[in-house]
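Inspection log for the structure reproduced underneath, given as structure tokens.
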Protein chains: 2
Amino acid sequence: MKVAYLGPDGSFTHAVASRSFSYDELVPSANITEVIKFYENGSVDYAIVPVENSIEGSVHETLDYLFHHDDIEAVAEIIQPIKQQLLAIDTHRPIEKILSHPQAIAQGKQYIETHYPHATIETTASTAYAARYVAEHPELALAAIAPLQAANTYHLQVIAKNIQEIDENYTRFWVLGKNAPHLSLTKESSKITLALTLPDNIPGALYKALSVFAWRNIDLTKIESRPLKTVLGEYFFIIDLLVLEEKVITYALEELKTLGITSKILGNYQVYRI
Amino acid sequence: MKVAYLGPDGSFTHAVASRSFSYDELVPSANITEVIKFYENGSVDYAIVPVENSIEGSVHETLDYLFHHDDIEAVAEIIQPIKQQLLAIDTHRPIEKILSHPQAIAQGKQYIETHYPHATIETTASTAYAARYVAEHPELALAAIAPLQAANTYHLQVIAKNIQEIDENYTRFWVLGKNAPHLSLTKESSKITLALTLPDNIPGALYKALSVFAWRNIDLTKIESRPLKTVLGEYFFIIDLLVLEEKVITYALEELKTLGITSKILGNYQVYRI
């Protein structure tokens, strides 16, 4: 099977892809829209894209694409803890400059200030890019903050392990596909993600929509408004529901329809944790 | 007066700061937390930070900081349209490589593919950084996708104007301070942003919270759940309310309290549009 993922090699999505689809052919792409398009045009069987980070929030490029395009659904969710490593070519050389994505630099700030107070900091477009740059410039006194996967990919040494400050940092990845894949990971729960388009203005309509779930004791684990991009001030809503009994959700969706609320299923999936 | 903003020079926040506080001393900082800390420790009178982009969504670094720290409030909101320019040292030289932030590259993709199909694309950590790099390397055949402000700051020429594909792209910036500033911009509306912490699980409690606003006909323009970062699966909610009569909102907040729902005001502000 072929599986597209958000690259480059050594990225967190790459780590998720190699762990979940270790026997399959992995195809990287540099941006989310292209990864999804690979799946859409049939070049791959599955596509893996990030959907939410606990610190940075939702990945709107993923959610908006699924909302605006038909027939693409998440069939599995994989939660990956985000742990940052300090990587260099070898453990003995001095480190004068540290490269990484701004978010990773922010996460490792305390460690860097304590251990490398005189190092110059340079921001890059991704953590994997920083690691690759370090690997390609052995003549310079460089280090990168990047995931463990990048150490393997670019043959770098881990100088310091798990330097991130906030431990509660994880990213949700979605596997897009026709059928649920068989993954040898720990199953956690079952969820459905809906996009709701309301017939008139909030809060009235949103209140009605939530009542459909509230009286059925269906638990929401996430709600977020997104601009519709047609008229300023018009929104759709992304809602994550915990599925205990799928039949109850089916009834809820039918009731939404009678209220004039359009619902689109963006995903119906098992949640796995790495 | 002193006003801190998210730099570097030439960023969109810089454009907002120079337009709104043209007679004041502007102090840049490279990350959002530091900009807010400048205000918090009294080094500046106001701080300007991005809070939401219509494509990328909320800036959680800003919202989470305000939620977790006391006594910092938004006293004005400024909406800035995001327009991307193709910048180079002069209009006559060839362009072999184009640099920018991944989001700006995505926005200008169609233009680049039509006009510079053979150019190499290189991602940078910010649009302003790309512009600075182009200015510092006159010996190379480079261009940057960056805001107009960056052309002024780094003395670059505009090769192509407004190359972004989606016109509905704007960013909301918050001015943090003690008192509402006097800005010579167009006033649009008046809003309050609340962070709600619910006593028990959603959807029940969220449904109750929304009912407080729904029956008073208070319009919500945004709702978003955010992890509390204490226990996995516990959330707070960010809600934007349109203020028609402030007294009605005061009553709503009192009713929330009687329901056991904690509300924190993150901002109470006039909305201005550039």
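In what follows, every chain begins at residue 1, and chains take the letters A, B, ... in the order their sequences are listed. The structure displayed is predicted, hence computed values, not measured ones. Side chains are part of it too, since the values below use all heavy atoms of this structure and drop only hydrogens, waters and symmetry mates.
With A/Gln107 as reference, A/Gln84 is the one residue of A/Lys83, A/Gln84, A/Glu165 to meet the side-chain hydrogen bond (donor to acceptor under 3.5 Å, both in side chains) rule.
Summarising the geometry of A/Asp9 relative to A/Tyr154, their closest heavy-atom pair is O-OH, 2.8 Å, with the distance given to 0.1 Å.
At a 4.5 Å heavy-atom cutoff, the contact between B/Ser211 and chain A is made by backbone and side-chain atoms alike. For chain B, the nearby part of A/Glu122 is the side chain; its heavy atoms alone come within less than 4.5 Å. For B/Glu52, no part lies near chain A; criterion is any non-hydrogen pair under 4.5 Å.
A donor and an acceptor atom, one from each side chain of B/Tyr5 and B/Ser11, are nowhere located under 3.5 Å apart. A donor-acceptor contact under 3.5 angstrom links the side chains of A/Lys222 and A/Ser58, judged on distance only.
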